[in-house]
> 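What follows is a single structure, and I will ask about it in a moment.
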Amino acid sequence: MKALPDDLTQTPRHPIAVVAERTGLSQDVLRAWERRYHAVQPKRGAGGQRLYSDADVERLVLLSAATRAGRSVGQVARLSTDAITALVGEDAQARERRDPAEETASDARDVVSMSLALARMLDGAALDEALRRAAAAMGMPAFLESIVTPLLRRVGDEWHAGRLTPAQEHLVSAVLHDIITETMRAFVPRHGAPKILVATLVGERHVIGAALAGAAAAVDGWHVVYLGADLPAAEIADAAKAVGARIVAISVVYFEDRERVLGELRALRARLPADVTLIVGGNGAASLADDLSVMDARVESSVAGLLAELRRDRTDG
């Protein structure tokens with residue numbers, strides 16, 4: 001196929017709706033990447049509408065691929081298109097060169113140990129770089145299961161044992177939260193994708209588990225409505241009904257009042273339509289399993305288990 005002349009590739013002629021369709025990025029994401037990161041600078045038509053060139057579209061496709069591999073759009077948007085092309089190629093080659101399962105598990109343990117060491121040094125920049133490098137090499141689904149989940153478990157154990165300070169624990173949570181929420185935004189759901197609403201209950205401020213569930217669902221093709229932390233059951237139920245969520249996922253990491261948490265979950269289940277699945281995950285969910293079973297709620301404490309539930313629900317639906 002003959003390449004287009006440079007002057008044609010630079011001619012602004014695509015409206016934002018066309019660019020969203022060609023790149024898989026929502027119009028909101030396109031505007032945000034332009035405003036915050038100057039990823040591309042589309043021209044303006046006579047009526048003020050954005051007009052993108054073929055070169056803009058190509059660059060946006062590359063940026064989308066780079067972020068899906070685990071890179072921060074804020075980092076790669078500063079690079080030239082040629083440099084982004086090279087990075088995307090390297091990421092693809094890294095995925096093709098993945099080691100057998102045993103070596104991959106060993107590598108994952110090394111990343112977790114290194115991340116804990118960097119947390120103790122309070123070196124946030126190095127921690128962010130190490131985790132994003134692992135995500136790019138492993139692919140996001142494996143990263144969530146093999147790195148994020150074990151790292152969160154180790155951090156929790158070390159914190160409870162007094163071997164990590166609150167500042168060190170918060171640093172890990174903050175870095176992971178940024179990476180995971182970027183993943184949710186980078187995976188644009190297809191039209192008509194089933195919706196999952198993710199949140200935590202009143203008093204639960206540990207939001208990283210909820211973000212992890214949302215990212216796993218986004219990678220699996222779900223439309224994620226992520227509400228974050230500390231919401232009453234009534235608000236969660238009303239939001240789920242408003243958006244037409246098929247699944248509501250609640251993260252319970254830590255609680256002091258068991259009956260209060262169970263009361264909120266019962267209220268949530270009662271307010272949700274009968275055909276909406278309620279899934280409860282997090283470190284605190286396992287101790288509630290018997291009560292949750294009675295109220296027709298499912299318990300899933302792993303990414304793999306959550307994905308299995310999502311796929312079963314999508315098939316049944």
> For a quick test of your reading: what N or O donor-acceptor pairs under 3.5 Å do the side chains of residues 38-46 make, sequence neighbours left out?
residue: His38; atom: ND1; partner: Gln41; partner atom: NE2; Å: 3.4
residue: Arg44; atom: NH1; partner: Gly48; partner atom: O; Å: 2.9

> First locate atom CD of Glu309, then atom CD1 of Ile196, and finally report the distance between them rounded to the nearest 0.5 Å.
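So the gap between those two atoms works out to 10.5 Å.
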> Identify every side-chain donor-acceptor pair in residues 74-84 under 3.5 Å, counting partners at least two apart or on other chains, and give the distances.
residue: Arg78; atom: NH1; partner: Gly74; partner atom: O; Å: 3.0
residue: Ser80; atom: OG; partner: Ala83; partner atom: N; Å: 3.1
residue: Thr81; atom: OG1; partner: Arg59; partner atom: NH1; Å: 3.2

> With sequence neighbours excluded, what pairs up with Asp230 under the salt bridge (charged side-chain N to carboxylate O under 4.0 Å, His left out) test?
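Salt bridge (charged side-chain N to carboxylate O under 4.0 Å, His left out) check on Asp230 returns Arg205.
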> Any side chain to side chain donor-acceptor pair (under 3.5 Å) pairs touching residues 118-134, not counting sequence neighbours?
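The answer is Arg120-Glu158, Asp128-Arg132, Glu129-Arg133, Arg132-Glu182.
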> Linking I/L/V/M/F/W/Y whenever any side-chain heavy atoms sit under 4.5 Å apart, do Tyr37 and Leu87 land together?
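Hydrophobic grouping puts Tyr37 with Leu87.
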> Considering only residues two or more places apart or on different chains, which pairs with a residue in residues 141-154 satisfy salt bridge (Lys or Arg N to Asp or Glu O under 4.0 Å)?
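Qualifying pairs, neighbours excluded: none.
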> Rounded to the nearest 0.5 Å, how far does CG of Leu131 lie from CD1 of Ile179?
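Interatomic distance, Ile179 CD1 to Leu131 CG, rounded to 0.5 Å: 4.5 Å.
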> Tell me every residue that passes side chain to side chain donor-acceptor pair (under 3.5 Å) with His177, counting only those two or more places apart in sequence or in another chain.
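Expected list: Tyr226.
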> Using side chain to side chain donor-acceptor pair (under 3.5 Å) as the criterion, list what pairs up with Thr85, not counting sequence neighbours.
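Not a single residue meets the side chain to side chain donor-acceptor pair (under 3.5 Å) criterion with Thr85.
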> Could you tell me which residues satisfy side chain to side chain donor-acceptor pair (under 3.5 Å) with Gln27, sequence neighbours excluded, listed by chain and number?
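Result, side chain to side chain donor-acceptor pair (under 3.5 Å) vs Gln27: Arg31.
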> If we ignore angles and hydrogens, is there a donor and acceptor under 3.5 Å between the side chains of His14 and Asp54?
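Their side chains do contain a donor-acceptor pair, which is all the 3.5 Å distance test asks for.
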> For residues 232-239, dump all side-chain donor-acceptor pairs below 3.5 Å to protein atoms at least two apart in sequence or in another chain.
none

> For Thr165, enumerate each residue passing the side chain to side chain donor-acceptor pair (under 3.5 Å) test, keeping only those at least two apart in sequence or located in another chain.
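For Thr165, the residues satisfying side chain to side chain donor-acceptor pair (under 3.5 Å) (neighbours in sequence not counted) are Gln168.
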> Enumerate the salt bridge (Lys or Arg N to Asp or Glu O under 4.0 Å) contacts for residues 258-287, please, sequence neighbours excluded, ordered by first and then second residue.
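For residues 258-287, and leaving out neighbouring residues, the salt bridge (Lys or Arg N to Asp or Glu O under 4.0 Å) pairs sorted by first residue read Arg258-Asp291.
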> Please round to the nearest 0.5 Å and tell me the distance separating atom OG of Ser115 and atom CD1 of Ile147.
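Result: 7.0 Å between the selected atoms.
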> Are Arg163 and Asp157 ion-paired here, with the side-chain N under 4.0 Å from a carboxylate O?
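So Arg163 does not pair with Asp157 through a salt bridge.
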> Test of understanding: with side-chain contact (heavy atoms from CB on, under 4.5 Å), list the residues that count as partners of Thr277, not counting sequence neighbours.
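In terms of side-chain contact (heavy atoms from CB on, under 4.5 Å), with neighbours along the sequence ignored, Thr277 is linked to Ile247, Ile279, Arg298, Asp313.
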